[in-house]
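What follows is a short report on a single structure.
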Amino acid sequence: MIAFVSGPVAALALTTAVIEVGGIGMAVQCTPNTLAGLRIGQEARLATSLVVREDSLTLYGFADDDERQVFELLQTASGVGPRLAQAMLATHTPDALRIAVATGDEKALTAVSGIGKKGAQKLLLELKDRLGEPVARIGRQGIGTAVTSSWRDQLQAALIGLGYATREADEAVTAVTPQAEAALAEGGQAPVPQLLRAALQTLNRAR
């Protein structure tokens, strides 16, 4: 078990950070929110969870130990693998997930890409009493918005972290704003991972 990695950030990509540990580059799968807090050349410490498969070893990285713990607890529910657990943490903070499960908030779970209404109902049943109490109390209105309420800032920080200039990041955020506003108008949340992909496509076309 690799509990954490610590060292300078060697590279950043859409879903991966490479942390140099003892002269070895460790590729770590991270959410856009975690990647947004990293900068190439700067020191970083990521809590990690190693997922072992017959044909692969994948290291998932998190901003803190609480995120890692929730990531692992989510996978105790049937049908939840590491990718879906990571998608849930890309959409909601650990505390927002705890409150959503405790209050039976289906809408918060269906905001996660890959979770439908029936899947949300099943998860609410299976995860009840597993995630524990919120670490930091947030209001009921915080469910589903703790991560996505500042989607512009999250998106801009992620793009700058990937090496784009502030001006380029601003233009990309503006380009995907209609997509974000459409999601919000439908009563959902701005899907930061999808918006980041769309923003990168816009930047690649401009170059």
Side-chain angles (χ1 to χ4, degrees), residues 13-16 29-36 49 51-56 58-63 66-135 138-152 154-155 158 176-202:
L14 181 60
T15 60
T16 308
Q29 297 290 316
C30 303
T31 66
N33 309 304
T34 298
L35 291 171
S49 179
V51 176
V52 180
R53 296 287 186 265
E54 289 185 3
D55 58 349
S56 67
T58 306
L59 197 61
Y60 290 85
F62 310 92
D66 187 40
E67 278 194 354
R68 177 186 60 196
Q69 181 182 27
V70 171
F71 171 79
E72 293 174 347
L73 287 172
L74 289 172
Q75 293 177 71
T76 63
S78 60
V80 178
R83 291 188 181 279
L84 183 55
Q86 189 180 51
M88 293 172 75
L89 285 167
T91 305
H92 301 295
T93 64
D95 273 355
L97 284 172
R98 290 186 179 104
I99 295 176
V101 170
T103 58
D105 190 344
E106 291 181 18
K107 185 176 180 182
L109 295 187
T110 56
V112 179
S113 177
I115 299 179
K117 183 178 177 63
K118 290 185 178 179
Q121 293 172 342
K122 184 178 179 181
L123 285 173
L124 289 173
L125 287 174
E126 292 195 29
L127 292 173
K128 187 178 181 180
D129 300 325
R130 293 190 191 182
L131 299 186
E133 291 293 319
V135 174
I138 61 175
R140 178 65 175 79
Q141 63 183 11
I143 296 176
T145 62
V147 170
T148 56
S149 60
S150 57
W151 68 268
R152 292 175 186 272
Q154 294 283 346
L155 190 56
V176 300
T177 293
Q179 182 178 337
E181 291 179 342
L184 293 170
E186 293 177 357
Q189 288 81 39
V192 175
Q194 292 93 322
L195 291 173
L196 180 57
R197 293 188 184 91
L200 289 171
Q201 290 174 354
T202 298

Could you tell me whether a side-chain N or O of [X] sits under 3.5 Å from a main-chain N or O of [Y], the two making a donor and an acceptor?
{"X": "Q29", "Y": "R83", "result": "no"}
{"X": "R98", "Y": "L131", "result": "yes"}
{"X": "E67", "Y": "A63", "result": "yes"}
{"X": "Q179", "Y": "L195", "result": "no"}
{"X": "T93", "Y": "L89", "result": "no"}
{"X": "T76", "Y": "E72", "result": "no"}

List the steps, then state whether side-chain contact (heavy atoms from CB on, under 4.5 Å) holds for L196 with L14.
CA-CA 8 Å; L196 180 57; L14 181 60; 3.5 Å; yes
Working to the nearest 0.5 angstrom, can you tell me the gap between [X] [atom1] and [Y] [atom2]?
{"X": "L123", "Y": "R130", "atom1": "CG", "atom2": "CZ", "result": "10.0 Å"}
{"X": "L127", "Y": "L74", "atom1": "CG", "atom2": "CG", "result": "6.0 Å"}
{"X": "L124", "Y": "L109", "atom1": "CG", "atom2": "CG", "result": "5.0 Å"}
{"X": "E126", "Y": "Q121", "atom1": "CD", "atom2": "CD", "result": "12.5 Å"}

Looking only at non-hydrogen atoms, find the nearest pair between [X] and [Y] and report the distance.
{"X": "H92", "Y": "A108", "result": "NE2-O, 2.5 Å"}
{"X": "G119", "Y": "I115", "result": "C-CG2, 4.1 Å"}
{"X": "S113", "Y": "A87", "result": "O-CB, 4.5 Å"}
{"X": "F71", "Y": "P82", "result": "CE1-O, 3.3 Å"}
{"X": "R68", "Y": "S49", "result": "CG-CB, 4.1 Å"}

T15 and Q86, any side-chain heavy atoms less than 4.5 Å apart:
no
In this structure, which one of T16, L35, L59 forms a side chain to side chain contact (heavy atoms under 4.5 Å, CB included) with C30?
L35
